[in-house]
Amino acid sequence: MRVHGGTVPEELLTSTDAVLDTFERELFGLSEADDAQIFGVVERVVLALNAVNEAHNESAYETDEREQLCDFIDQSLTEHGIDIVALTARHGLGRYQITDKWRKW
């Protein structure tokens with residue numbers, strides 16, 4: 001798993017990795033996508049992580065893990081040619097608010 005903490009259940013690690021792997025696959029070719037497509041990919045990964053969190057009694061991710069997940073999303077988008085500052089600014093958001101609309105973890 002890309003995030004870590006104390007003793008983490010194996011199923012949580014597996015579920016989180018599966019979500020992040022799907023997210024990474026969806027990033028290919030995204031640099032040519034429009035804003036709606038980019039936000040769609042972000043929404044899907046956040047909602048999938050919400051589902052993992054819900055399956056673990058709303059306590060799957062501690063503060064450090066939440067920050068790492070948000071950083072992972074940010075860095076992955078940047079690595080695939082997305083200018084997050086410009087993207088979020090076009091929608092009246094700060095850079096680190098890209099997941100806020102959907103995030104429950």
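If you're wondering where the values come from, they're calculated on a predicted model, not measured in any experiment. Numbers here are sequence positions counted from 1.
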Asker: Are any of the side-chain heavy atoms of Val46 and Asn50 separated by less than 4.5 Å?
Answerer: yes
Asker: Side-chain contact, heavy-atom cut-off 4.5 Å: Thr99 with Asp74?
Answerer: no
Asker: Cut-off 3.5 Å, no hydrogens considered: what does the side-chain donor-acceptor table look like for residues 79-86, sequence neighbours left out?
Answerer:
unit_1: His80; atom_1: ND1; unit_2: Ser76; atom_2: O; d: 2.9
unit_1: Asp83; atom_1: OD1; unit_2: Val85; atom_2: N; d: 3.3
unit_1: Asp83; atom_1: OD1; unit_2: Ala86; atom_2: N; d: 3.1

Asker: Mind checking whether Trp102 and Tyr96 sit in one hydrophobic cluster, side chains of I, L, V, M, F, W, Y counted as touching below 4.5 Å?
Answerer: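 Different clusters: Trp102 never reaches Tyr96 through Ile, Leu, Val, Met, Phe, Trp or Tyr contacts under 4.5 Å.
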Asker: Is there side-chain contact between Trp105 and His56, with heavy atoms separated by less than 4.5 Å?
Answerer: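 Result no, sub-4.5 Å side-chain heavy-atom pair not found.
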Asker: Are Ile38 and Leu30 side-chain neighbours, meaning at least one heavy-atom pair lies under 4.5 Å?
Answerer: yes
Asker: Roughly how far, to the nearest 0.5 Å, is the CD atom of Gln37 from the CD atom of Glu26?
Answerer: 11.5 Å
Asker: Looking at residues at least two apart in the chain, or sitting in another chain, which of them share a ring pair (Phe, Tyr, Trp, His ring centres under 6.0 Å) with Phe39?
Answerer: His91
Asker: For Gly94, is there any backbone N or O sitting under 3.5 Å from a side-chain donor or acceptor partner on Gln97?
Answerer: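 A pair under 3.5 Å: yes.
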Asker: Out of the candidates Leu13, Leu20, Val19, only one should pair with Thr16 under the side-chain contact (heavy atoms from CB on, under 4.5 Å) rule; please name it.
Answerer: Leu20
Asker: Start with the C-alpha distance between Glu67 and Phe72, add both sets of side-chain angles, then the distance that settles side chain to side chain contact (heavy atoms under 4.5 Å, CB included), and finish with yes or no.
Answerer: CA-CA 8 Å; Glu67 290 174 2; Phe72 180 81; over 6 Å; no
Asker: Are a donor atom and an acceptor atom from the side chains of Ser15 and Glu11 found within less than 3.5 Å of each other?
Answerer: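 Yes.
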Asker: Considering residues at least two apart in sequence or located in another chain, which fulfil the salt bridge (Lys or Arg N to Asp or Glu O under 4.0 Å) criterion with Asp100?
Answerer: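 Arg103.
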Asker: Atom CZ in Arg44, atom CG in Leu49: separation rounded to 0.5 Å?
Answerer: 13.5 Å
Asker: Distance-only, no hydrogens or angles: does the Glu65 side chain make a donor-acceptor pair with backbone N or O of Glu62 under 3.5 Å?
Answerer: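 Side chain of Glu65 to backbone of Glu62: a pair is present.
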